[in-house]
Amino acid sequence: MPQPDHIRNFSIIAHIDHGKTTLSDRILEITGALTAREMTEQVLDDNPIEKERGITIKARSVNLGYKAENGETYLLNLIDTPGHVDFTYEVSRSLAACEGAVLVVDATQGVEAQTLANAYLAIHNDLTIVPCINKVDLPSAVPEMAREQIEEVIGIPARHAVLTSAKVGTGVKELLEQIVHDIPAPTGDPAAPLKALLFDSWFDMYRGVTCLVRVKDGTVKPGTKFRLMGSGLVAEVQEVGIFNPHQVVVPQLSVGEVGYVISGIKELGATKIGDTMTEADRPCAEALPGFQDVKPMVFASIFPTETDAYEDLRDAMEKLRLNDASFTFEPESSTALGFGFRCGYLGLLHLEIVQERLEREFNLSLITTAPSVPYRVRTTRGEELEISNPVKLPDPQLIDEIREPYILATIITKDEFLGGLLALAEERRGTQVSLEYAGTQRAVLKYELPLNEVILDFYDKLKSISRGYASFDYQLIDYRPGDLVKLDVLINGDPLDALAFIVHRAKAASKGRSLVEKMKEMIPQQMFEVIIQAAIGSKILARSTVKALRKNVLAKCYGGDITRKRKLLEKQKEGKKRMKKVGRVDLPQEAFLAVLKVD
Amino acid sequence: MTGSGVYVHVPFCARRCSYCSFVTAVGRQGEEAYFDALELEAEARLGELPLPIDTAYFGGGTPSYVDPARLGRLILLVRGAGARLVEVTAEGNPDDLDVTTLDGLSAAGVNRLSLGIQSLEDAELALLDRRHDSAGALVALRRAAPRFERISADLMIGIPGQTRESLRRSVEGILESGAGHVSAYLLEIEKAPGLLALREESPGLFADDEEVAERWEEVNEALESAGLARYELSNWARPGQESRHNLKYWEGEPVLGLGLAAHSFDGETRRANTASMEEYLRRVGERGRAEATRSRLPAEEAIRERALLGLRVASGISEEEYDRACSTAGADERERLGRCEEAALLERREGRIRLTRRGVLLSNEVFSLLV
């Protein structure tokens, strides 16, 4: 049984692409957790979409044995964290299970927005930070610049920051030594009643729910009758174990240890992340602080392209939610698109990942509508409504006030791009909070921005203005009144509910014009003319027309070769099937997201 | 129309046209061996075809490019199998049609000549990589007229640089030459790399869909007022000059296809020969046949295919046949077919349903719902 003073629990935090996953892999390799044969790139990312996109979505933990230079063997629990702003809440819950964090900074890029955001999360959780400057093998690496920025932008000492190249393996051993040396050992009372933080859980078809816990006090072992203090759920432990990274059964988990608990629970809903696990018969005095509920801030509807796939879609969503509690959905019915679901996401990346998983893992063809943020509406009758679907916005004359969510955005950039980024933030109705220079040529820009100006394409614009250099992170601050209107899109004179979106009044006309032009490019010619209009109420702001198709006929069908002709016709038939039929009009999937593609 | 037909593929060409996507070989090398094999295949397979056999068709490639006597020997074989041929067509390239070749084809038993004129404008012909020029085309048409019962001319719409006027001149020239049958096709450039490159370079030479549709309407108008009725999607003829052979494809009559990549249909099963010359020669030498694929549609699909092909013919199909085909289609397709009628692509009249003029140009909108 590992002694608490020989345990180190830590996470690795970094801005996206600064090398966190590669560093994790290297640590696994050096500690011998995996044989060379087992070593494949990005071991911790076991979801194919994570691998393809090079990002980490779900946190995982690995127990590693490490023989330090002082001759002692330590148990290192590496708790992986996601690196994207959409999943900040997953970072904070991983951090709550640790005493320390390795802060990775790319020596060629320096401190970026998520470096800052994640570092603050760690500081907020009272963690000891071990700075690590990575990618020092690259010719463009400037470790001194990174060191200076860690001190000036984040405000933590970086004199002893370890220089590593996770790719080639240099410095990783030194980093492990520093982890053992600097990060405090966990403390706790092994004799006290069980007190463990539930910081991740997932569903398995055969085993039911697996909970990932960090024991603070006491022990947990098979037969322990436990209670989750928040949800009140009581169950008996069937099995405890660790990941090294293979799943290994152990007799018990005690103070400072991180591992899994299986108890035959069938519903993921009862195991809320952040809950405290204690003994049912001998509860601890008070629960751990837990986490705030994450609220989805981006909403979009999903409809099956083929109406009869609704049940399949619901099944798929339910399965997906078993492993992604932050994804919410409720049934929705659209006059144009039939039955579907209104879904809530943490952000746009989350939306894309969910849609991709639904299409890929469940083989569904889907229409996703343009994303929206939740609005708070006070009606003239004094009701307070939360509107996450533009379709549900009351008539203008019934609205007293609409408030929209605002964020505090942090943008870190080279100063040469500052002009363009300031113009972008202003154009997006932003208010500058601060502009500070840190180190040479590096600016930290803070803006308050309406979230609805950010969710669609702000990030892409930011990246293109700064040629990829600027980084961005945000946190929600409050709701503020705005002069907002619902922009309707009409197809052949009929409003298409799923295309409506909420926009600031001053931008409605130009947005409407670009939108109808963009949709005209996206909608293929068909048998009938298609008229696309943008309108506020009965006032038409813009119009475009897709002319009726004049010609779709094959050349010579020759020498009785009907088979070749059939193949071409079948291709056309399949093309139509992939589109959504709205009245007499066939709309391709991308037309529903046209608003994402306009300025 | 009742009767079977024989199709013979002649893959040899003097050169390949820029828009061509058929199985062809450049030059006459191997002609003897190929025709020897064709005769073996004919002897082995003609018995499969139900009598009466009333048409034969030599397509290509360029049948006029080879020795007419070899066509004659095949015609004799077909007759020997009990055929009473009323229509024997050979496709021809104007450039090959000197008096000797024309006399040879006529002597061989060909009574209908289908000429790949395409255009009577030199610049347009050059872009298509045709061997002949306008003068050559007119000479060929003039020489052919007295030697064959019927002459058909191919016409291409949508050639780069083609204008309303140039197209009108081509149509008039063809009509004046005495051709009683015209096949007019819309040029497809998607599979012609040369033409695609040209479009990159000079997009102005290419008409848009709207203009091509107008040109087609103008051609239709000109041909009909000259007394050639449109009897199929792309074919116009004076009364009695329709291609009996090609109608068999649309009406589901049996056709035996001989030669490289030739297709056969016996009323139920479609067969295709191999497209590899080497394999064709070897397999026919061994056992008289060189079938590469065979497919038979499930009953419901066959019903829809019959309707799809029948709708190519101007007189259309019976409402009963059409409705039966619709009843086998999926709900989505049925609804879309309803929309095709709403959009006046299809019209019902006197118990029959047919494509309208607009429907002809949008025929794939209908056909793709029936596959």
Exercise. Flag the one option from A:Lys547, A:Glu306, A:Lys573, A:Gln525 with the top tally of heavy-atom pairs under 4.5 Å to chain B.
Key: A:Lys573
Quiz prompt | Test item: A:Asn552 and B:Leu361 side chains (from C-beta on) under 4.5 Å apart, heavy atoms | solution = no
Quiz prompt | Which portion of B:Leu355 sits near chain A, non-hydrogen atoms under 4.5 angstrom | solution = neither
Self-check item: Salt bridge A:Lys576-B:Glu365, side-chain N to carboxylate O under 4.0 Å
Solution: yes
Quiz prompt | SB check A:Arg550 B:Asp208 (cutoff 4.0 Å) | solution = no
Quiz item: Distance from A:Ile562 atom CD1 to B:Trp250 atom CH2, nearest 0.5 Å?
Solution: 5.5 Å
Practice problem: Using a strict cut-off of less than 4.0 Å between a Lys/Arg side-chain nitrogen and an Asp/Glu carboxylate oxygen, indicate whether A:Lys551 and B:Glu210 qualify as a salt bridge. | Solution: no
Quiz prompt | Shortest non-hydrogen contact from B:Ser368 toward A:Leu569 | solution = CB-O, 3.5 Å
Quiz prompt | Residue part contacting chain A, namely of B:Ala272, when any heavy atom lies under 4.5 Å | solution = neither
Quiz item: Does the pair B:Glu305/A:Lys565 count as a salt bridge with the N-to-O cut at 4.0 Å?
Solution: no
Self-check item: Pick from B:Leu362, B:Asn364, B:Val212, B:Thr293 with the largest number of heavy-atom pairs that fall under 4.5 Å of chain A
Solution: B:Asn364
Self-check item: Region of B:Glu217 that comes under 4.5 Å of a non-hydrogen atom in chain A
Solution: side chain
Quiz item: Please walk me through it: do B:Glu333 and A:Lys577 pass salt bridge (charged side-chain N to carboxylate O under 4.0 Å, His left out)?
Solution: CA-CA 9 Å; B:Glu333 282 74 23; A:Lys577 277 219 183 295; 2.9 Å; yes
Quiz item: Is the CZ atom of B:Arg357 crowded by more than 12 outside heavy atoms at less than 6.0 Å?
Solution: no
Practice problem: Compare every heavy atom of B:Arg358 with every heavy atom of A:Leu549, then report the nearest pair and how far apart it is. | Solution: O-NH2, 3.6 Å
Practice problem: Under the side-chain contact (heavy atoms from CB on, under 4.5 Å) rule, what do B:Glu342 and A:Arg584 come out as? Steps first, then yes or no, please. | Solution: CA-CA 10 Å; B:Glu342 247 181 85; A:Arg584 303 199 300 188; 3.1 Å; yes
Quiz item: Is it the side chain or the backbone of B:Leu370 that comes within 4.5 Å of chain A heavy atoms, both, or neither?
Solution: neither
Practice problem: Decide if atom CZ of A:Phe339 counts as having more than 12 heavy atoms of other residues, nucleotides or ligands within a radius under 6.0 Å. | Solution: no
Self-check item: Partner chain B: residue of A:Glu570, A:Lys571, A:Lys581 with the largest heavy-atom pair count (under 4.5 Å)
Solution: A:Lys581
Quiz prompt | Heavy-atom pair of closest approach, residues B:Arg339 and A:Val585 | solution = NH1-N, 4.0 Å
Quiz item: Using non-hydrogen atoms only, which part of B:Phe265 is less than 4.5 Å away from chain A: side chain, backbone, both, or neither?
Solution: neither
